[in-house]
Amino acid sequence: MNAMNFTEPEERVALRAAVTELGKKYGYEYYAKQARAGLKTEELWAEAGRLGYLGVNLPEEYGGGGAGIADLAAVLEELAAAGSPLLLMVVSPAICGTVISRFGTDEQKKRWLPGIADGSRRMVFAITEPDAGSNSHKITTTAKRDADGWVLSGRKVYISGVDEADAVLVVGRTEDAKTGKLKPALFTVPTDTPGFEYKQIDMDIVSPEKQFGLFLDDVHLPADALVGEEDAAIAQLFAGLNPERIMGASFSLGIARYALGKAVGYANERKVWGAPIGTHQGLAHPLAEIKIELELAKLMTQKAASLYDSGDDFGAGESANMAKYAAAEVAIRAVDQAVQTHGGNGLASEYGLGTLVTAVRLGRIAPVSREMVLNFVGQHSLGLPRSY
């Protein structure tokens with residue numbers, strides 16, 4: 001994104017247009033039908049992979065497009081705006097693909113990146129624990145060295161898409177031999193590894209992607225399951241979490257655009273007292289406000305992606321948190337106003353809005369809660385005392 005004229009490069013504009021066509025080919029009806037039937041969006045995922053959209057941010061030598069997180073975020077936003085968001089784009093190419101690209105060995109890159117890029121393999125991300133949600137410093141999943149590599153034990157909760165994944169990038173801890181203290185570390189764990197089990201968590205969200213609890217009971221891993229250096233794990237972790245926030249913002253932006261488009265279309269067509277309901281300021285003004293807020297959130301998302309792609313991890317962290325916050329808020333407002341604009345029809349299945357009411361609410365919680373974003377901004381952006 002050009003900092004002077006706020007326009008995206010021609011290549012990304014063309015990418016958005018091409019992805020929009022793919023999204024329209026499937027659309028909300030396909031997405032909702034698959035979700036309600038307990039099925040996955042395999043056809044859309046596979047086609048997006050074949051067309052190179054899933055790996056646009058990954059290195060070309062490993063099958064990717066050689067671009068940045070800004071381009072991957074554009075793909076997710078356009079699919080969501082067409083009514084067919086792919087949640088696992090947030091974790092497989094954005095978090096896991098980025099971490100392995102930046103910190104993995106050549107062998108790890110060869111093993112995982114080509115499949116992540118073309119969609120034939122999926123890797124999901126596991127950080128949250130029952131007693132360590134926002135406070136990741138309390139993670140207790142622990143890896144101990146043995147003669148052959150590592151033995152990993154612990155629990156994780158609310159991990160997306162484990163049933164679709166070939167492997168999980170697990171955030172654990174290793175014991176420092178000198179101090180005895182635990183240090184964060186990242187491990188790739190194939191889902192068919194003995195001792196690795198998962199159980200679905202029932203959720204009141206209509207989505208093809210499911211949530212799971214993980215149980216790691218003395219999971220034996222080879223030495224090369226460790227990604228990156230033990231001593232640099234915090235930096236490596238946030239190299240993945242910043243893209244996660246950028247992608248989360250793009251997910252919300254796309255849904256907000258979808259909902260706003262539905263509301264505007266209905267307000268132009270539905271007539272009461274001889275005129276379209278969009279002529280009434282009681283409906284027109286809220287929709288106009290949402291449009292403004294959506295564009296502001298999109299600008300912050302693009303800024304965060306631009307900073308990240310330029311190598312400014314710290315600057316990207318501030319912007320990514322703000323983008324995620326703003327996009328989640330406007331998505332919630334957009335869906336709520338779209339339902340209100342439709343009246344009773346807003347909750348009828350044929351209008352494609354009712355299922356989004358709970359779906360967009362998740363944006364305030366994940367991948368980081370709005371309260372933790374406010375804590376970050378208060379401390380790091382405003383210089384206020386640490387509040388937690």
Side-chain angles (χ1 to χ4, degrees), residues 1-26 44-86 88-102 109 113-120 239-240 242-258 261 294-313 315-316 319-320 323-324 327:
M1 185 175 182
N2 188 298
M4 295 300 293
N5 59 24
F6 297 97
T7 58
E8 292 186 312
E10 291 182 5
E11 294 83 0
R12 191 175 307 145
V13 173
L15 175 65
R16 284 185 181 274
V19 174
T20 296
E21 290 304 309
L22 175 64
K24 289 179 178 179
K25 177 179 175 181
Y26 289 89
L44 173 55
W45 181 273
E47 188 164 358
R50 287 195 303 272
L51 294 171
Y53 300 150
L54 299 181
V56 293
N57 64 312
L58 301 178
E60 290 183 274
E61 60 264 41
Y62 299 104
I69 201 67
D71 294 281
L72 189 68
V75 172
L76 180 57
E77 181 188 336
E78 295 306 322
L79 289 175
S84 295
L86 292 176
L88 292 193
M89 285 188 65
V90 178
V91 288
S92 191
I95 303 177
C96 303
T98 296
V99 169
I100 293 174
S101 295
R102 289 184 61 172
K109 293 175 184 178
L113 293 184
I116 291 174
D118 66 19
S120 61
N242 282 338
E244 179 186 39
R245 285 152 174 69
I246 293 167
M247 293 292 283
S250 298
F251 189 97
S252 293
L253 286 174
I255 294 178
R257 286 173 52 195
Y258 172 83
L294 197 160
E295 292 299 324
L296 293 173
K298 185 171 181 176
L299 280 173
M300 183 55 75
T301 304
Q302 291 172 320
K303 177 183 178 180
S306 179
L307 287 170
Y308 184 84
D309 287 336
S310 71
D312 184 357
D313 286 348
S319 297
K324 181 266 170 194

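Heads up: numbering here begins at 1 and tracks the sequence.
- One finds the NZ atom of Lys24 at 12.5 Å from the CG atom of Leu79 (value rounded to the nearest 0.5 Å).
- With sequence neighbours excluded, the residues that form a salt bridge (Lys or Arg N to Asp or Glu O under 4.0 Å) with Lys25 are Glu47.
- A pairwise comparison of heavy atoms in Leu58 and Pro93 identifies CD2-O, 4.0 Å as the closest pair.
- Atoms CG and CD, from Leu253 and Gln302 in turn, are 8.5 Å apart once rounded to the nearest 0.5 Å.
- Take Glu244 and apply the salt bridge (Lys or Arg N to Asp or Glu O under 4.0 Å) test, not counting sequence neighbours, and it matches no residue.
- Counting all heavy atoms, side chain and backbone alike, Ala304 lies closest to Ala320 at CB-N, 3.5 Å.
- Using a 4.5 Å heavy-atom threshold, the side chains of Phe251 and Glu77 count as separate.
- With sequence neighbours excluded, the residues forming a side-chain contact (heavy atoms from CB on, under 4.5 Å) with Ala80 are Pro85, Ile255, listed by chain and number.
- Not counting sequence neighbours, the partners of Glu295 by the salt bridge (Lys or Arg N to Asp or Glu O under 4.0 Å) test are Lys291.
- Annotation for Gly315 and Leu307: closest pair O-CD1, 3.6 Å, computed over non-hydrogen atoms.
- Pairs engaging residues 50-71 under the side-chain hydrogen bond (donor to acceptor under 3.5 Å, both in side chains) rule: Arg12-Asp71 [sequence neighbours left out].
- No donor-acceptor pair closer than 3.5 Å links the side chain of Ser92 to the backbone N or O of Met89.
- Across all non-hydrogen atoms, the minimal contact from Gly240 to Ile95 is O-CG1, 3.6 Å.
- Residues Thr98 and Tyr308 meet the side-chain proximity criterion, which asks for heavy atoms closer than 4.5 Å.
- Put simply, CG on Asp309 and CG on Leu72 are 10.0 Å apart, with the number rounded to the nearest 0.5 Å.
- A heavy-atom distance below 4.5 Å is not found between the side chains of Leu86 and Val75.
- Taken from CD in Glu78 to OG in Ser250, the straight-line distance is 9.5 Å, to the nearest 0.5 Å.
- Put simply, the side chain of Ser101 gets close to the backbone of Gly97: a donor and an acceptor are under 3.5 Å apart.
- Considering only residues two or more places apart in sequence or on other chains, Asp313 meets the salt bridge (Lys or Arg N to Asp or Glu O under 4.0 Å) condition with Arg102.
- With a 4.5 Å cut-off on side-chain heavy atoms, Asp118 and Leu54 do not count as touching.
- Taking each heavy atom of Ile69 and Pro243 in turn, the nearest pair found is CD1-CB, 3.8 Å.
- Here Ser306 contributes atom OG and Leu299 contributes atom CG; the two are 12.0 Å apart, rounded to the nearest 0.5 Å.
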